[in-house]
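Everything below concerns the one structure shown next.
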Amino acid sequence: MHIYDSVEKTKRKFIPQEAGKVSLYVCGPTVYDNAHLGHAKSALVFDLLTRVLQADGLDVTYARNITDIDDKIIKKAQELGKDIQEITDFYTDVFHKEMQAIGVRPPDIEPKATQNLDAMQSMIATLIENNHAYVTEDGDVYFDTASDSQYLSLSKRFQEEESKQERIASSSMKKNPADFALWKSVKDGSVSFSSAYGAGRPGWHLECSAMIEKHLAKPNTAFSVDIHGGGADLLFPHHENEAAQTRCSSNHALANYWMHNGFVNINGEKMSKSLGNSFFLKDALKEYDGEVLRFYLLGTHYRSNFNFNTQDLQSAKKRLDKLYRLKKRLFGLAVSEEKTPFQEQLLSILKDDLNTSSANALIDEMIAKTNETLDTPGKHKLLKRETMANLSFIEQVLGFGVKNPFEYFQFGVDAQTKAHLEELINKRNLAKEAKDFAQSDKIREEILALGVNLMDTPNGTFWEKI
RNA sequence: GGUGCCAUCGCCAAGUGGUAAGGCCGCAGCCUGCAAAGCUGCUAUCCCCAGUUCAAAUCUGGGUGGCACCUCCA
């Protein structure tokens with residue numbers, strides 16, 4: 001396995017700290033709103049990573065957190081007049097369902113910030129003890145960036161300029177504008193937790209470091225985790241600060257490999273909360289099968305920026321359709337698990353920093369070759385068995401083609417329409433048998449007007465929602 | 001202003017020193033009652049200029065044009 005390390009800025013051979021085992025931590029969502037395509041992209045990338053590592057025989061422990069305490073959540077709760085937990089439970093549930101819809105498997109560990117305050121407080125205590133953090137008169141606790149000689153080594157920035165660039169009126173209590181909060185005191189009686197420094201809430205960056213130490217890190221290792229992942233925008237300041245906290249409170253560095261996925265843009269613009277141009281997963285899932293979204297979002301290399309548009313989505317769907325048509329063709333055959341050269345090739349392509357684009361090319365070539373042979377006379381028993389094995393491998397590693405192929409082509413068609421279609425198809429087949437082609441073509445036009453394509457095959461007439 | 005990324009066929013997109021994958025669209029053909037699907041064939045020298053090299057889309061320098069981070073963000 002080779003992974004592009006976004007801190008070293010080079011592709012590195014992946015060597016886990018403990019032979020055969022991988023620990024992976026990815027920054028998860030703050031649950032106060034619906035997930036958008038960017039959340040989907042990030043979750044998909046690391047879902048794929050775990051699948052590839054597992055296919056390569058590694059035992060992966062994957063943790064992705066849920067941030068369920070945050071100013072934005074509190075704000076939302078206040079706006080809606082609801083309890084915080086009502087908000088976070090609701091959006092956590094939505095997130096889980098949407099992830100399932102796009103084939104993202106649940107992480108092994110999904111720690112919540114509210115359930116790990118003990119770990120955060122003990123990390124704060126250690127940082128203060130080590131003189132890497134200080135308490136202000138207000139009861140805030142800040143990380144002392146000047147105390148960490150390696151601060152900014154991750155994002156490779158320069159301290160002086162950062163200070164100059166400070167745009168927010170800095171708290172007079174901070175020693176240095178770059179210092180960031182580990183604990184923010186709360187005095188107005190809103191949501192808070194008790195601590196040795198008074199009531200307050202944990203800082204944004206602390207949560208990840210603390211939960212990694214608690215759930216993934218092992219004693220006497222050079223790094224807390226093998227791989228740390230997240231969106232490209234998290235490198236600074238989030239990951240920089242996480243790394244500082246961990247290195248200054250423990251005897252190991254945070255991560256051996258850093259992976260950052262590129263962004264999903266809409267019409268060439270970054271999708272973001274402040275720009276208000278988010279494309280929510282829940283809306284996309286109304287119009288497209290979750291697997292189409294998965295296929296589309298994974299079609300481009302994970303590090304590249306991704307420009308979302310419906311034309312490209314359609315073209316991705318057509319590509320996935322071909323995989324499903326082959327599945328239709330082989331429907332009902334026994335699943336095979338045998339090893340084939342194709343699988344080795346596919347895995348080796350994916351092991352090269354998740355080259356999904358090349359993987360798709362290989363799959364398309366396999367599909368075309370298989371179809372070509374199936375078009376010739378013969379039983380093709382061996383080919384069929386190998387193809388079944390290949391398709392199963394594609395499902396397992398890439399999560400493509402996991403559905404019933406007939407149902408896949410019926411996405412968004414209700415039961416009533418299905419019954420109507422069956423009726424029309426029967427009528428058309430009768431007309432065809434009677435060689436009344438004018439009538440059968442007329443019915444086909446009628447069906448096409450419903451957005452449904454017909455295909456006459458030796459095994460009968462099938463329909464597909466376009 | 002600082003830091004970094006990117007620029008490959010009409011569109012999407014691999015390839016990062018050895019002579020341009022794949023998909024969508026398009027055209028032609030096979031198959032089909034006709035279609036659809038499937039298959040076959042056809043379609044780019046890689047933003048510009050200079051350099052290094054036997055050899056460059058791939059390295060170096062200089063342009064031009066996009067984008068991101070530096071503020072909550074996946």
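Bear in mind the structure is a predicted one, so any value in this text is a computation, not a measurement.
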Pair up each side-chain donor or acceptor in residues 279-286 of chain A with any protein partner under 3.5 Å, not counting sequence neighbours, and list the distances.
none

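- Inspection of the A/Asp179 and A/Asn176 side chains reveals no N or O donor paired with an N or O acceptor under 3.5 Å.
- One atom, CZ of A/Arg444, and another, P of B/C34, lie 11 Å apart when rounded to the nearest Å.
- Spacing of C1' atoms, B/A57 relative to B/C6, comes out at 14 Å, to the nearest Å.
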Check nucleotides 24-28 of chain B against the protein and report each pair of N or O atoms closer than 3.5 Å, with its distance, or say if there are none.
unit_1, atom_1, unit_2, atom_2, d
B/C24, OP1, A/Lys322, NZ, 3.3
B/C25, OP1, A/Lys318, NZ, 3.1

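- Side-chain atoms of A/Thr136 and A/Lys175, non-hydrogen and from C-beta on, never get closer than 4.5 Å to each other.
- Distance, A/Asp364 CG to B/G22 P: 10 Å, rounded to whole Å.
- Listed nucleotides B/A74, B/C12, B/G33 differ in distance to A/Arg428; the shortest reach to its side chain belongs to B/G33.
- A cation-pi arrangement is present between A/Arg12 and A/Tyr257 under the rule of less than 6.0 angstrom and at most 45 degrees off the ring axis.
- Inspection of the A/Tyr91 and A/Asp68 side chains reveals no N or O donor paired with an N or O acceptor under 3.5 Å.
- Using a 4.0 Å cut-off, some side-chain N or O of A/Ser304 falls inside it from OP1 or OP2 of B/A14.
- Between B/G66 and B/A28, the distance separating the two C1' atoms is 38 Å to the nearest Å.
- Look at the C1' atom in both B/A36 and B/G22: the space between them is 24 Å, to the nearest Å.
- Rounded to whole Å, the separation between the P atoms of B/A21 and B/C42 comes to 12 Å.
- Among the atoms of the strands shown, none is found under 4.0 Å from any heavy atom of A/Arg64.
- For A/Tyr62 and A/Phe46, the ring centers sit 6.0 Å or farther from each other.
- Against RNA chain B, the stretch residues 452-466 of chain A makes heavy-atom approaches under 4.0 Å through A/Asn453, A/Leu454, A/Met455, A/Asp456.
- B/G10 and B/C25 have their C1' atoms separated by 8 Å, with the value rounded to a whole Å.
- The pairing partner recorded for B/C59 is B/G51, the criterion being a Watson-Crick or G-U wobble arrangement whose two distances lie under 3.5 angstrom.
- Between the side chains of A/Asn65 and A/Thr67, at least one donor N or O sits under 3.5 Å from an acceptor N or O.
- Distance, A/Ile363 CD1 to B/A21 C1': 14 Å, rounded to whole Å.
- The gap from the C1' atom of B/A14 to that of B/G23 amounts to 11 Å, rounded to the nearest Å.
- If you check residues 93-113 of chain A against RNA chain B, you find no residue with a heavy atom closer than 4.0 Å.
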A/Ser155/A/Glu240 under side chain to side chain donor-acceptor pair (under 3.5 Å): CA gap, chis, key distance, verdict: CA-CA 7 Å; A/Ser155 54; A/Glu240 184 72 60; 2.5 Å; yes
Using the 3.5 Å cut-off, write out each protein N or O paired with an N or O of nucleotides 56-59 of chain B and the distance between them.
none

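- Using cut-offs of 30° and 60° on the angle between ring planes, the pair A/Tyr324 and A/Tyr408 is parallel.
- Remark: P of B/U3 and CG of A/Leu235 are 16 Å apart, rounded to the nearest angstrom.
- Atom CG of A/Asp353 is separated from atom C1' of B/G15 by 14 Å (rounded to the nearest Å).
- The interatomic distance linking A/Asp233 (CG) with B/U71 (C1') rounds to 11 Å, in whole Å.
- With rounding to whole Å, A/Phe437 atom CZ is found 13 Å from B/U32 atom P.
- Atom-to-atom, CG of A/Leu326 to P of B/G38 comes out at 10 Å; the value is rounded to the nearest Å.
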Polar pairs (N or O, both sides) under 3.5 Å between protein and nucleotides 5-10 of chain B?
none

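- A sub-4.0 Å separation between OP1 or OP2 of B/A74 and a side-chain N or O of A/Asn261 is absent.
- A cation-pi arrangement is absent between A/Lys317 and A/Tyr288 under the rule of less than 6.0 angstrom and at most 45 degrees off the ring axis.
- The pairing partner recorded for B/A14 is none, the criterion being a Watson-Crick or G-U wobble arrangement whose two distances lie under 3.5 angstrom.
- Remark: B/G41 base-pairs with B/C27. Criterion, Watson-Crick or G-U wobble with two distances under 3.5 Å.
- Shown here, B/C5 forms a base pair with B/G66; the pair counts as Watson-Crick or G-U wobble because both key distances fall under 3.5 Å.
- Here the separation of B/C48 from B/G26, taken at their P atoms, is 29 Å to the nearest Å.
- When the nearest nucleotides of RNA chain B are assigned to A/Arg325 and A/His238 by heavy-atom distance, the more 5′-ward of the two goes with A/Arg325.
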